[in-house]
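Below is one structure; the comments refer to it alone.
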There are 2 protein chains.
Amino acid sequence: MTESPHPHSNPDCRAVSELLSRVGDKWTVLIVKALETQSRRFNELKREVGGISQQMLTRTLRMLERDGMVTRTVHPTVPPQVDYALTDLGRSLAVPVMALTEWTFANLPEIHANRAAYDGAMEDAA
Amino acid sequence: MTESPHPHSNPDCRAVSELLSRVGDKWTVLIVKALETQSRRFNELKREVGGISQQMLTRTLRMLERDGMVTRTVHPTVPPQVDYALTDLGRSLAVPVMALTEWTFANLPEIHANRAAYDGAMEDAA
DNA sequence: CTGTATCCGTCACGATACTG
DNA sequence: CAGTATCGTGACGGATACAG
C-alpha cells in the first residue's frame, strides 16, 4: 500500500485502478458469474449472459484469458468447439467481487432513498 | 441474489453493475481514498488526487453526493469554502473496495506473469 | 460453431474559458 | 475559491458482414 502525493502516477495504484476498471466494465463480472459453476462453450456463454455481442464476448474473454482468469480450450473437432473455464485466479477474484455485490444489495434501499431525496431537493431548487 | 436467465435484464443485477461501474470509473476510488482520513475542500481534493480536471472532480463528487456517499457543506464565507466528507455509507463502501485492492496487490505478480506469457505466445504465433 | 474485420454512434473524459 | 459552460477527442460498445 504505497504512499504517494499523486496516487495516479504510482504504478501500483495504476494497477489497482486498471483492475477496478476491468471489474467495472460492462461484461466481465457477468461472464465470470456464468463460468462460476461450470465451464462453458462460446455460444453457451453468449446465451447465458444475454445481450452481449459476439465482438464484446470475444474481447472480454481475451482479456480475461490474458490475465489468467480463464482458460481457453480448443477441441479440434468439426464443427469447432471451444471451452472456457475459470482458473483458480479467476475464482479467487470472485470472492472480493462477491463482497462488493453483497454490499450493494445490503445498501441498495439506502442508496435509492438518497437519490430520491437528492433529486427532490434539486427540483425544488429549480 | 436473484436468479435470472438473463442477468442483464434483472433490475437488481443492473444495480450491482451500476455500482461496479461507479467504483470502476477513473476517479471515484481515488476521491474516496483522499477523504478517508479527513474532510477536504474542493481544491484540496484537486491537489490531493492529482491530474483530475475541475469538471471531473465536480461531476464525480455530485454523483457521490447524490448516492449519499459524501456530504457537501457550504460555508457562506468570502471567498466561498466547501467541505466534502465521507458519510458512514461512503466509509462502509470503502471496506469491500479495500478487499478488492488487497486482492490486486496480492495477485499482481501472477497477473503480470500471465500477461507476459500470453503476449509471448502471441508473438510466437505471429 | 467460433471467431475476425469493419463501420458507426455515443459518451466519458480532458482542456479551456468564463462566473459568482 | 468553487464551480459552470462549451467544445474536442478517443475509447467503448453495438451491428453487421465475412471467414476458417
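A note on names: the letters A, B, ... follow the listed sequences, proteins ahead of strands, and every chain is numbered from 1. Here the structure is a predicted model, which is why all the values come from computation and not from measurement.
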Revision key, fill the gap. When rounded to whole Å, the CZ to P distance for the pair A:R40 and C:dC1 reads 16 Å
Point to revise | Euclidean distance, atom CG of residue A:D25 to atom C1' of D:dG14 [Å, nearest integer] | key: 15 Å
Point to revise | Interatomic distance, B:D83 CG vs D:dC1 P [rounded to whole Å] | key: 13 Å
Review point. B:R59 near the nucleic acid: base, sugar-phosphate alone, or nothing, with a heavy-atom cut-off under 4.0 Å?
Key: base
Review point. So, does B:N114 use its side chain to make a donor-acceptor pair with the main chain of B:E110 at under 3.5 Å?
Key: yes
Check your understanding: Is any side-chain heavy atom of B:V74 closer than 4.5 Å to a side-chain heavy atom of B:Q81?
Key -> no
Exercise for review: Among C:dG3, C:dG14, D:dC1, find the nucleotide with the atom closest to the side chain of B:W27.
Suggested key: C:dG14
**Study point:** End axis versus end axis in the helix from C:dC1-D:dG20 to C:dG20-D:dC1, the angle rounded to 10°, five pairs used at each terminus
**Key:** 40°
Review point. Any chain of hydrophobic side-chain contacts (each under 4.5 Å) joining B:V32 to B:M63?
Key: no
Review point. To the nearest angstrom, how far is B:K46 atom NZ from C:dG14 atom P?
Key: 10 Å
Practice item. Specify the residue among A:F42 and B:T60 whose closest nucleotide of DNA chain C lies further upstream toward the 5′ end. Key: A:F42
Study note, to complete from the structure: Looking only at D:dG13, C:dT2, C:dT4, the nucleotide nearest the A:N43 side chain is C:dT2
Review point. Side chain to side chain donor-acceptor pair (under 3.5 Å) with A:D83: which of A:Q38, A:R72, A:H75?
Key: A:H75
**Study point:** Lys/Arg-Asp/Glu bridge criterion (N-O < 4.0 Å) met for B:R115, A:E18
**Key:** yes
Check your understanding: For the hydrophobic clusters of this structure (ILVMFWY residues joined by side-chain heavy atoms under 4.5 Å, transitively), does one cluster hold both B:V95 and B:L64?
Key -> no
Exercise for review: Please tell me if the side chains of A:F42 and A:L61 come closer than 4.5 Å, counting only heavy atoms from C-beta onward.
Suggested key: yes
Practice item. Take atom CZ of B:R47 and atom C1' of D:dA2, then tell me their distance rounded to the nearest Å. Key: 12 Å
Review point. Between D:dG3 atom C1' and B:L61 atom CG, what is the distance in whole Å?
Key: 11 Å
Point to revise | Length of the OH-P vector between B:Y84 and D:dC1, whole Å | key: 14 Å
Point to revise | From C:dG14, C:dT2, D:dC1, nucleotide with atom closest to B:P80 side chain | key: D:dC1
Point to revise | For atom CZ of A:R41 and atom C1' of C:dT2, their distance in whole Å | key: 9 Å
Point to revise | Strand contacts (DNA chain D) in residues 51-58 of chain A, 4.0 angstrom heavy-atom criterion | key: A:Q55, A:M56
**Study point:** Check: A:W27 main-chain N/O paired with A:T60 side-chain donor or acceptor under 3.5 Å
**Key:** no
**Study point:** Residue pair A:L108 / B:L19, side-chain heavy-atom distance below 4.5 Å
**Key:** no
Check your understanding: With respect to the phosphate group of C:dT2, does any side-chain polar atom (N or O) of A:R72 fall under 4.0 Å of OP1 or OP2?
Key -> no
